[in-house]
Every structure is written in C-alpha cells, then in structure tokens.
Number of protein chains: 2
Amino acid sequence: MDNRSSPKAARIAAEPRQGAQAIRRALSVLRILAAGREDGVPLAEVVRATGLTRPTVHRIVHVLIEEGIVERHDRSGRYAIGNQVPELALARPRPSPLLVAAEPSLRRASTEIGDTLFLTMRTGNDTLCVDRRIGAYPIQVLSIEVGARRPLGVSSAGVAILAALPAQDARKIVAANEKRFETYRTDAATVLGQVTAARRRGYGMREIGLVQGTKSISTWIKTTDGRPVAAMTVSAVRTRLGPRREQEVAEILLRETRAIEQAIGG
Amino acid sequence: MDNRSSPKAARIAAEPRQGAQAIRRALSVLRILAAGREDGVPLAEVVRATGLTRPTVHRIVHVLIEEGIVERHDRSGRYAIGNQVPELALARPRPSPLLVAAEPSLRRASTEIGDTLFLTMRTGNDTLCVDRRIGAYPIQVLSIEVGARRPLGVSSAGVAILAALPAQDARKIVAANEKRFETYRTDAATVLGQVTAARRRGYGMREIGLVQGTKSISTWIKTTDGRPVAAMTVSAVRTRLGPRREQEVAEILLRETRAIEQAIGG
DNA sequence: GCGTTGTTGTCCATATTATGGACAACAGAT
DNA sequence: ATCTGTTGTCCATAATATGGACAACAACGC
C-alpha cells in the first residue's frame with residue numbers, strides 16, 4: 001500500500017494496471033486452452049497451469065462458454081477455444097509481416113534441406129507455430145502443426161528464443177512457465193541448461209525431440225532492436241541429423257535467418 | 001433474491017451464470033472493437049455502444065492492451081483488435097462447415113448474377129461477412145469486406161436474418177442493438193419495419209444501401225432446426241436492380257439458399 | 001481572446017463482485 | 001471397498017471492480 005509512487009511514474013515498462021484481475025485471469029485461461037488446440041484441455045490441467053483455484057477456473061471457463069469463446073467437448077469433458085475467437089480474429093485481416101518476410105527463406109531452405117521446416121514465433125510466454133513446410137525426403141516429422149502453442153522452453157524453437165533473450169528475461173519466463181513444464185515432462189533446471197548450451201552453440205537443439213527418435217535444430221530470428229521474435233526449426237528422425245549434417249543444416253538455417261532479419265529491417 | 005429456483009433447474013435456455021461481470025463486459029467491448037476492424041473505434045463510441053461507463057471501458061481497454069488483445073493506434077487514438085486474437089484463433093484450424101457447404105452455391109450464383117455476392121453469418125447480435133465473390137459486371141459494390149461486422153438489423157443480410165427468427169427473438173435483438181443503431185444512421189422502428197417487410201416478401205432488401213446509390217437483396221439460410229444462421233446477399237448499383245431483375249436475382253438466391261440448406265442438413 | 005462541446009485519461013471511497021474453502025458426486029484403479 | 005483422480009456447486013467473506021467527479025486537451029464558433 002505504498003508503491004503508488006511518483007505521480008506521473010515511469011510508463012516505460014508498463015506497471016500493471018489494476019482493477020481487472022478477472023479479465024487477466026480469463027485471458028491466461030484462454031492461452032492455456034489455446035495450447036490444447038482442437039482436443040482441448042481438462043479443467044484440472046488448466047488449474048495446474050494457471051495456478052488459479054478450481055472454482056475460479058470453473059467459473060471463468062463456463063462464462064466463456066456462455067459467451068461462445070470456449071467450447072466443451074461432450075465426450076471428453078475437455079475445454080477448447082470456441083468458434084467466436086476466429087470470428088473476432090477476422091477483424092484483423094492483414095497477414096503478419098513476419099510471415100511475408102520469411103516466405104522466400106522458408107521455401108529456399110525447405111528445398112535445400114528436404115526435412116520438415118517450421119517457423120515459430122514468440123507470443124508472451126509461449127511459442128506459436130505459424131508455418132510449416134514439408135520437404136522432399138520420404139520420412140517427415142509432422143507432429144507439430146500450424147497453431148501449435150507451447151510454453152517457451154519446451155521445444156527447440158523455444159529454447160532458441162530464450163537463448164537469444166537477455167539472460168534475466170529468459171530466467172523470468174522460465175520461472176513463470178515452471179508450473180506448465182511438468183505436462184511436457186521437463187523442468188526449469190533442464191530448460192535453463194539447454195538455453196545455456198544453445199547460447200554457446202549459436203543455435204537451439206534437442207537430441208530427444210518431443211516425439212521419440214526425432215531431433216530438432218532451431219535458429220533465432222531477431223528484429224532490428226535485437227529482440228528475438230521467432231525461430232526457424234528443422235525436425236527430422238535422429239539418424240538423419242548426425243554431427244556432419246547438423247553442421248550443414250545449421251549453416252543453412254543461419255544464412256536464411258539473416259535473410260529474414262534483413263527483410264524485416266529493410 | 002429468490003429465482004435460484006429448482007435444484008437442477010432447466011439449463012435449456014442458459015440462465016446467466018454469475019460471478020464474471022468483468023469478463024462479460026470485456027467481451028462486449030471486444031465485439032464492438034471487432035466492428036471497427038483495422039481502423040478501430042474511438043473510446044467514446046465503445047462507451048455508447050456498450051452502455052458501460054467511461055472509466056470502466058477505459059480500464060478494460062487498457063488492460064486488454066497490456067495483454068496484447070487490443071491495440072491503440074497512435075495517430076487516431078482509436079482502439080482495435082490486437083494481434084493476439086488471431087494467434088489465439090490459430091488453435092482452431094478447421095474451416096467453418098457453413099463455408100464449405102456454401103462454396104459451390106456462391107460460385108454458381110456469382111457467375112449467374114454477375115454482381116457482388118456476400119455470405120454473412122450471424123454471431124450473437126451481429127452479422128459477420130465471411131465470404132465475398134466479385135462478379136463479371138464492370139461496376140461492383142466492394143464496400144463490405146470479409147470480416148465486416150455490424151449489428152443485426154443495419155444491413156440487408158441482418159434484416160433477412162432477423163426476419164427469419166421468431167418475432168420475439170428478433171425484437172429482443174433489435175432492442176439490445178438499439179444503442180448501436182445511431183452510428184449506422186438508423187433506429188429500432190425503421191429496422192423493425194424492414195424486418196416485417198422482408199418477412200412478407202420472403203427476402204431482405206435495402207433500397208438505400210449503406211453506400212449511396214446501391215441496393216441489396218438478401219435471403220436467409222436456415223439450419224435443419226429452423227434457425228437462421230446466415231444470409232446470402234447481392235449488392236449492386238441501384239439502377240442494376242430494377243423490379244424485373246430484382247425478381248430474377250431473388251429467385252436465384254432462393255434456389256441456392258435451399259441448396260446450401262440441404263448441404264448443411266445432409 | 002473565451003466560451004462550448006467534443007474528446008481521453010485519472011483518482012479513490014464505496015459497495016458490488018469475484019473469490020476460494022468446504023462439500024458433493026461420480027469414474028476408474030487397485 | 002477404498003483410494004485417487006476427476007468435475008461441479010454453494011455461499012460467507014474480503015478483495016475487487018465500479019463510476020461519480022475532476023482534469024487536461026483539441027477543435028470549433030464568434
């Protein structure tokens with residue numbers, strides 16, 4: 001009851017505006033549900049991931065259902081993003097400038113590498129897969145789809161983005177996501193270790209992908225102000241990405257990453 | 001303080017769940033902002049349209065800005081749907097079954113009629129344009145774009161949908177939208193008159209379109225349970241739609257409307 | 001110059017609103 | 001039959017969101 005501080009206080013880093021706890025909570029519920037995609041998420045998982053109490057989550061979710069923002073699947077009882085969300089999204093028709101800037105690079109890298117390529121952007125404390133290119137090689141890792149959303153740190157793309165952030169910011173995000181890591185069978189310490197390794201290596205990597213037997217390599221994409229906003233990822237069965245080829249692939253990714261950065265800047 | 005009623009009360013028409021006023025209010029703000037599309041909406045207009053007080057709207061809007069759900073345009077000071085909304089929408093990739101069912105009919109009707117064709121669906125108390133086909137005739141009415149959202153009643157599509165609803169429901173919606181009609185230079189009495197006329201005529205019509213010198217004809221599309229969910233509209237410069245041609249066009253629309261209804265049902 | 005009418009933004013005492021502990025009911029395991 | 005996992009509901013309570021009042025600024029008229 002004292003930190004109201006100076007009258008026209010610094011607005012630089014956005015002191016949290018008060019008087020809307022419920023709205024903020026509803027949004028954090030929505031973001032968890034978004035990670036569940038079509039299948040949705042059980043209530044208990046939302047409770048775990050948000051750290052809210054169950055009555056609160058239950059109330060929020062059911063109000064959102066009445067409003068058409070959330071749906072409940074009758075069979076499974078899981079909750080998912082409802083059809084009014086895309087309807088609201090139609091108000092914003094222009095395609096993301098990132099996607100436009102990345103398109104040629106994705107096409108080039110995809111034909112050159114031949115394995116599945118992903119473009120993943122950061123949104124808040126999550127990564128969001130916004131584009132996927134399937135390569136020519138007969139075995140492709142297709143587990144991740146456009147729209148897939150995961151806590152920053154869980155995928156190699158997330159690790160790459162964390163590695164490119166100031167260390168302090170990265171630690172904060174990892175701490176904020178800690179409760180959610182359990183679901184993805186990892187923990188804060190592991191993630192921080194991978195981030196450090198990626199920082200040294202110059203790109204992100206996961207020897208054990210989220211899917212058994214796959215391996216992923218990710219490079220981060222920064223805007224002109226130096227903040228990483230996205231990552232470019234190659235996923236393949238592990239045997240396809242031995243040390244020699246890892247090097248080759250990483251070089252292609254780094255080259256195209258720079259091309260995307262230039263396209264955004266210019 | 002008595003209508004808590006029977007223990008396992010009728011859930012048929014969804015008695016409003018309480019304990020989330022703020023969330024509901026935030027959503028009604030969002031829906032108004034969605035109607036403003038890229039340009040957004042001034043705060044005062046949101047206040048008028050929602051009937052909330054200005055401090056409340058201001059607080060809600062600014063919390064949503066902090067959360068990335070709303071953006072404020074620096075030049076105009078207007079508020080608009082932010083980029084996190086499409087990001088959340090990515091969680092729901094499947095295309096609307098209505099769009100799929102309507103596609104062949106839209107294509108047929110568009111080539112046959114030659115004027116601009118719209119598919120507009122109902123969402124809550126609004127209409128939302130979800131598809132537009134440009135015809136072969138050199139003068140086309142392009143004012144309405146995919147994503148355009150307006151209160152039910154102001155467009156001919158909205159009038160058509162209201163006409164196909166039970167009279168009592170239609171009256172309720174018109175009453176709920178009354179505060180917003182002012183912005184579109186109409187009022188409840190006018191709308192109700194147009195709805196009655198449309199009901200008698202069998203399709204919706206606006207002699208004076210939202211754009212000067214245009215005329216629109218709309219037919220309603222019902223699901224098997226008899227509820228109208230969308231409308232198909234032709235817009236053209238008024239001189240293109242004299243009484244003779246109005247009749248022709250209406251017949252084509254009604255025919256294709258029935259085709260869509262069958263495609264949804266089967 | 002000086003009202004007038006339109007904005008947007010902020011403060012803070014107040015009471016309305018959202019909260020969460022406790023309880024209930026059900027589904028699968030063991 | 002008991003345990004552990006769910007989801008859903010109630011309601012007294014405290015914390016939260018509310019909105020009246022005030023302020024600052026812009027555009028317009030005269």
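Just the heavy atoms: all of them, side chains too, but no hydrogens, waters or symmetry mates, feed the values below. Here is the naming used below: chain letters follow the sequence lines, and residue numbers restart at 1 for every chain.
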(request) Give me the one residue out of D126(A), V154(A), T50(A) that meets side-chain contact (heavy atoms from CB on, under 4.5 Å) with R180(A). (result) D126(A)

(request) For each nucleotide in nucleotides 15-20 of chain C, reading 5' to 3', give B when a protein heavy atom comes within less than 4.0 Å of its base, S when such contact involves only the sugar-phosphate, and - otherwise. (result) --SSBB

(message) Counting primed atoms plus P, OP1 and OP2 as sugar-phosphate and everything else as base, spell out the protein contacts along nucleotides 24-29 of chain D at 4.0 Å heavy-atom distance: B, S or - for each nucleotide, 5' to 3'.
(response) ------

(message) With a cut-off of less than 4.0 Å, is there a side-chain N or O of Y79(A) near OP1 or OP2 of dG8(D)?
(response) yes

What protein N or O atoms touch nucleotides 2-6 of chain D N or O atoms at under 3.5 angstrom, if any, and at what distances?
| unit_1 | atom_1 | unit_2 | atom_2 | d |
| --- | --- | --- | --- | --- |
| dT6(D) | OP1 | R48(A) | NH1 | 3.2 |

Roughly how far apart are [X] [atom1] and [Y] [atom2], rounded to 0.5 Å?
{"X": "I144(B)", "Y": "T214(B)", "atom1": "CD1", "atom2": "OG1", "result": "7.0 Å"}
{"X": "R72(B)", "Y": "R78(B)", "atom1": "CZ", "atom2": "CZ", "result": "12.0 Å"}
{"X": "L162(B)", "Y": "N125(B)", "atom1": "CG", "atom2": "CG", "result": "9.0 Å"}

(request) Taking the six-membered ring for Trp and the single ring otherwise, decide whether the centroids of Y79(A) and H58(A) are under 6.0 Å apart. (result) no

Let me check something: any side-chain donor-acceptor pairs from residues 166-174 of chain B under 3.5 Å, sequence neighbours excluded? List them with distances.
none

(message) Run the salt bridge (Lys or Arg N to Asp or Glu O under 4.0 Å) test against R59(A) and tell me which residues pass, sequence neighbours left out.
(response)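 R59(A): no salt bridge (Lys or Arg N to Asp or Glu O under 4.0 Å) contacts found.
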
(request) Quickly work out the R78(B) CZ to dT8(C) C1' distance and round it to whole Å. (result) 14 Å

(message) Expressed as a whole number of angstroms, how long is the span from H58(A):NE2 to dC10(D):P?
(response)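 Whole-Å distance recorded here is 10 Å.
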
(message) Are L30(A) and V70(A) packed together at the side-chain level, in the sense that at least one heavy-atom pair is separated by less than 4.5 angstrom?
(response)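 Yes, their side chains come closer than 4.5 Å.
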
(request) Tell me what R72(A) touches on the nucleic acid: a base, only sugar-phosphate, or nothing, going by heavy atoms under 4.0 Å. (result)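 The residue R72(A) makes sugar-phosphate contact but no base contact.
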
(message) Among R48(A), R150(A), E45(A), which residue satisfies the side-chain hydrogen bond (donor to acceptor under 3.5 Å, both in side chains) criterion with T183(A)?
(response) E45(A)

(request) Not counting sequence neighbours, which residues clear side-chain contact (heavy atoms from CB on, under 4.5 Å) with A20(A)? List them please. (result)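 Partners of A20(A) under the side-chain contact (heavy atoms from CB on, under 4.5 Å) test: I23(A), V63(B).
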
